[in-house]
Participant: 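Structure below; questions to follow.
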Number of protein chains: 2
Amino acid sequence: MKDIKQKLIKLFKEGYCTPQIARIAKKIKEPSTTIHYNIKKLEKEGAVRGYNAVFDYKEIGLGYCTYLFIRLNTENYDKSEDIAKQIAKYENVESVDIVTGQYEIIVKLRCKDSDDYYVFVQRLLKKYGIAKAFSMTSLKQVKTEFVNL
Amino acid sequence: MKDIKQKLIKLFKEGYCTPQIARIAKKIKEPSTTIHYNIKKLEKEGAVRGYNAVFDYKEIGLGYCTYLFIRLNTENYDKSEDIAKQIAKYENVESVDIVTGQYEIIVKLRCKDSDDYYVFVQRLLKKYGIAKAFSMTSLKQVKTEFVNL
DNA sequence: ATATTTAATTGAATAATATTCGAAAAACAA
DNA sequence: TTGTTTTTCGAATATTATTCAATTAAATAT
């Protein structure tokens, strides 16, 4: 047993997927070369950032999903973008947004369980100047990444 | 001009992408048939729900991104899952979660602009028994769908 | 309006890739 | 051990992506 599963999951998050040109061509009844041309154009324009897999996260040991809301200390307020980028680097972070309202940053996190989550958040709070944080835990994921579950 | 772009964007949200078996095989130095076998297994298990494109949403006219927090009326409280599923059906809804805390549902929305957003939210509030809702608008998307922007 | 340039479409040929099949090896259970 | 199921993987085939060159369409300039 080579346990290729974990390697695949990792690569699928990085990309390693590609459009199905022939299938699209059949679907919208256009020559595949035309589809090819248009897709390459979208990629060059930057409209398409990549292609990746959508998981059932429970099945890959990341069933604990939380939204974390962060308010920075006043002295770090101007560094929100830097801090957001730092947080974005962690692989269990699905998304990071700088937002309007009582909190500066919304982080969507995917962890194995609450222990895993707790360790991660404690580390974040210490590392960056975070005045206040609270979280909402997903009890049921109804839709993710435009895919209905 | 056939304006294939919009059709591609629509199809890419539904899937119409596929893993790059040969590229993965080279990357982790295993035979492509072994990779093929393992991917099909992941799909059968349901761990992989599909493959799709990740966009730079500004580039495809969906630059206005908001998180919408919904509290239901007490008489609709037991219907939260039904309502969440209804909301999930709209194509500009990226994700829907039923969560812990002061609000029952978190919706991540992608709209063209604030007008577009306003029309959508007003419709939602009327249609479902929503006691209270508030939103946070993304000023800057730092990471989405595990992709750094 | 017409010439000029640029962008988009497409078929044919080729290159690359996915898939099927069957056999062998490994893991697992009784 | 023995039989059963799962996983690996090479060879052959089927399918798909990509390149190229030519045509057409669209945009732009004169």
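Computed over heavy atoms, backbone and side chain alike; hydrogens, waters and symmetry mates excluded. Computed from a prediction, not measured in an experiment: that's the story for all the values here.
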Participant: Can you measure A/Lys5 atom NZ to D/dT7 atom P for me and round it to whole angstrom units?
Facilitator: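 Rounded to the whole Å, the gap is 10 Å.
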Participant: Taking for each residue the nucleotide of DNA chain C bearing the nearest heavy atom, is the 5' side occupied by A/Pro31 or by A/Thr18?
Facilitator: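 Checking each residue's closest nucleotide, the 5'-ward one belongs to A/Pro31.
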Participant: When you compare the side chains of B/Tyr117 and B/Thr137, does any donor N or O come within less than 3.5 Å of an acceptor on the partner?
Facilitator: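 No - no donor-acceptor pair under 3.5 Å links their side chains.
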Participant: I'd like to know if the side chain of A/Tyr51 pairs up with that of A/Glu43 as donor and acceptor (distance under 3.5 Å, no hydrogens or angles considered).
Facilitator: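 Distance-only check passes for A/Tyr51 and A/Glu43.
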Participant: Within the pair A/Thr34 and C/dT10, is there a side-chain N or O less than 4.0 Å away from OP1 or OP2?
Facilitator: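 For A/Thr34, the contact criterion (side-chain N or O under 4.0 Å from OP1 or OP2 of C/dT10) is met.
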Participant: So, does B/His36 get its side chain near the phosphate of C/dA18, meaning an N or O under 4.0 Å from OP1 or OP2?
Facilitator: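 No, outside the criterion.
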Participant: Using OP1 and OP2 only, check whether a side-chain N or O of A/Tyr37 sits under 4.0 Å from C/dT9.
Facilitator: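 For A/Tyr37, the contact criterion (side-chain N or O under 4.0 Å from OP1 or OP2 of C/dT9) is not met.
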Participant: Could you tell me the separation between the CD atom of B/Glu45 and the C1' atom of D/dT6, rounded to a whole number of Å?
Facilitator: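 To the nearest whole Å, that distance equals 12 Å.
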Participant: Quick check: does any side chain N or O of A/Lys112 sit under 3.5 Å from a backbone N or O of A/Leu62, one acting as donor and the other as acceptor?
Facilitator: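 No; judged by distance alone, with no hydrogens or angles, the pair does not exist.
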Participant: B/Ile21 or A/Lys41: which one's nearest nucleotide on DNA chain C is closer to the 5' end?
Facilitator: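 The 5'-side residue here is A/Lys41.
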Participant: On DNA chain D, check which nucleotide each of A/Pro19 and B/Glu30 is closest to and give me the residue with the more 5' one.
Facilitator: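 Final value for this comparison: B/Glu30.
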Participant: Taking the side chain from A/Asp113 and the backbone from A/Asp115, do they hold a donor-acceptor pair closer than 3.5 Å?
Facilitator: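 It does hold such a pair.
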Participant: Nearest to the side chain of A/Lys2, heavy atoms from C-beta on, is which of C/dG11, D/dT8, D/dA17?
Facilitator: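 For the A/Lys2 side chain, the nearest candidate turns out to be D/dT8.
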Participant: Rounding to a whole Å, what distance do you find between A/Lys27:NZ and D/dT16:P?
Facilitator: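 It works out to 16 Å between those atoms.
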Participant: Think A/Lys40 has a side-chain N or O under 4.0 angstrom from the OP1 or OP2 of D/dT19?
Facilitator: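 Answer is no, no contact under 4.0 Å.
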Participant: With nearest nucleotide decided by heavy atoms, which residue, A/Ile4 or A/Ala22, maps closer to the 5′ end of DNA chain D?
Facilitator: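 By nearest-heavy-atom nucleotide position, the 5'-most residue is A/Ile4.
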Participant: Do the side-chain N or O atoms of A/Asn38 get closer than 4.0 angstrom to the phosphate oxygens (OP1, OP2) of C/dA8?
Facilitator: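 The answer is no; no side-chain N or O of A/Asn38 sits under 4.0 Å from OP1 or OP2.
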Participant: Expressed as a whole number of angstroms, how long is the span from B/Gln20:CD to C/dA18:P?
Facilitator: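 That distance rounds to 7 Å.
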Participant: For the pair made of CE in A/Met1 and C1' in D/dC9, what is the distance, rounded to whole Å?
Facilitator: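 Nearest whole value for this atom pair: 16 Å.
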Participant: Under the 6.0 Å and 45° cation-pi test, does B/Arg23 pair with A/Tyr16?
Facilitator: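 Yes.
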Participant: In whole Å, what is the span from the CG atom of A/Asp3 to the C1' atom of D/dT8?
Facilitator: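 Nearest whole value for this atom pair: 14 Å.
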Participant: Please give, in whole Å, the distance from C/dT17 P to B/Ile24 CD1?
Facilitator: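 Nearest whole value for this atom pair: 12 Å.
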Participant: Using whole Å, report how far NZ of B/Lys29 lies from C1' of D/dT8.
Facilitator: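 In whole Å, D/dT8 C1' lies 19 Å from B/Lys29 NZ.
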